[in-house]
Amino acid sequence: MRKRRNLNNGLPDEAWFAASGDEDDEEPSVELSGESAELPVDADAPCNQKEAVPLQAFIAQALSNLGKRQDSLTAKLARDWDVLLPRSIALVTRPGNYDNGVVYVHVRTNMHLYQVRQNYLNAIFKALMPLGTPEEPIRRVQLQIKPASFDGLHENRQ
């Protein structure tokens with residue numbers, strides 16, 4: 001068993017602190033008087049402060065750093081879905097995500113999935129193809145069952 005080495009030169013803690021002279025090492029207090037006694041609200045020098053950036057520009061910059069654009073293909077699809085597709089298709093489908101050339105289209109039920117795949121998948125692809133850009137090309141449309149995408153939507157939209 002190893003003995004612990006005493007770093008206080010054999011003195012008890014209280015005696016070591018008293019012998020070390022820490023009481024005399026106090027920093028001198030400086031008293032300020034007049035106007036210089038008040039510190040500015042912002043301690044940074046004005047030349048070191050950053051320009052205020054509007055929140056919208058900050059969000060756009062953060063998204064661009066992630067490789068996403070604020071007005072991306074997904075946002076365009078969500079905004080214009082009812083205009084892009086015939087009403088019969090738009091009622092049972094909703095745009096989902098876009099990932100590596102694939103547009104995910106959500107349907108409410110398995111029955112809708114089957115009907116859209118058999119009858120409307122090519123029409124959806126042809127309607128979405130012109131929206132693709134060199135940065136976001138549309139190569140394929142994939143159907144997914146996601147009933148939550150339809151929450152708050154009414155069947156009798158006009």
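Closest approach of A127 to L85, counting heavy atoms only: CB-CD2, 3.6 Å.
The same ILVMFWY cluster, assembled from side-chain heavy atoms under 4.5 Å apart, contains both V116 and L84. Transitive grouping of hydrophobic side chains (ILVMFWY, heavy atoms separated by less than 4.5 Å) brings M129 and V141 into a common cluster. Both L131 and L143 are members of a single hydrophobic cluster when ILVMFWY side chains are connected at heavy-atom separations under 4.5 Å.
Interatomic distance, CG of L77 versus CZ of R94, reported as 10.0 Å (0.5 Å rounding). Atoms NE2 and CD1, on H112 and I89 in that order, are 12.5 Å from each other to the nearest 0.5 Å. With values rounded to the nearest 0.5 angstrom, T93 atom OG1 is found 10.5 Å from Y120 atom OH.
A heavy-atom distance below 4.5 Å is found between the side chains of V103 and L128. Within the 4.5 Å cutoff, side-chain heavy atoms of I138 are placed close to those of L73.
Apart from M111 itself, the hydrophobic cluster it occupies contains nothing, where clustering links Ile, Leu, Val, Met, Phe, Trp and Tyr at side-chain heavy-atom distances under 4.5 Å.
By the side chain to side chain contact (heavy atoms under 4.5 Å, CB included) test, Y114 is found to be paired with Q118, residues two or more places apart in sequence or in another chain being considered. Listed by chain and number, the residues in a side chain to side chain contact (heavy atoms under 4.5 Å, CB included) with N110 are L113, I145 (sequence neighbours excluded). For Q144, the side-chain hydrogen bond (donor to acceptor under 3.5 Å, both in side chains) criterion is met by H106, not counting sequence neighbours.
A salt bridge does not link D99 to R140: none of the charged side-chain nitrogens sits closer than 4.0 Å to a carboxylate oxygen.
No donor-acceptor pair closer than 3.5 Å links the side chain of W81 to the backbone N or O of K76. A distance-only check finds a donor-acceptor pair linking the side chain of Y98 to the backbone of P137 [under 3.5 Å].
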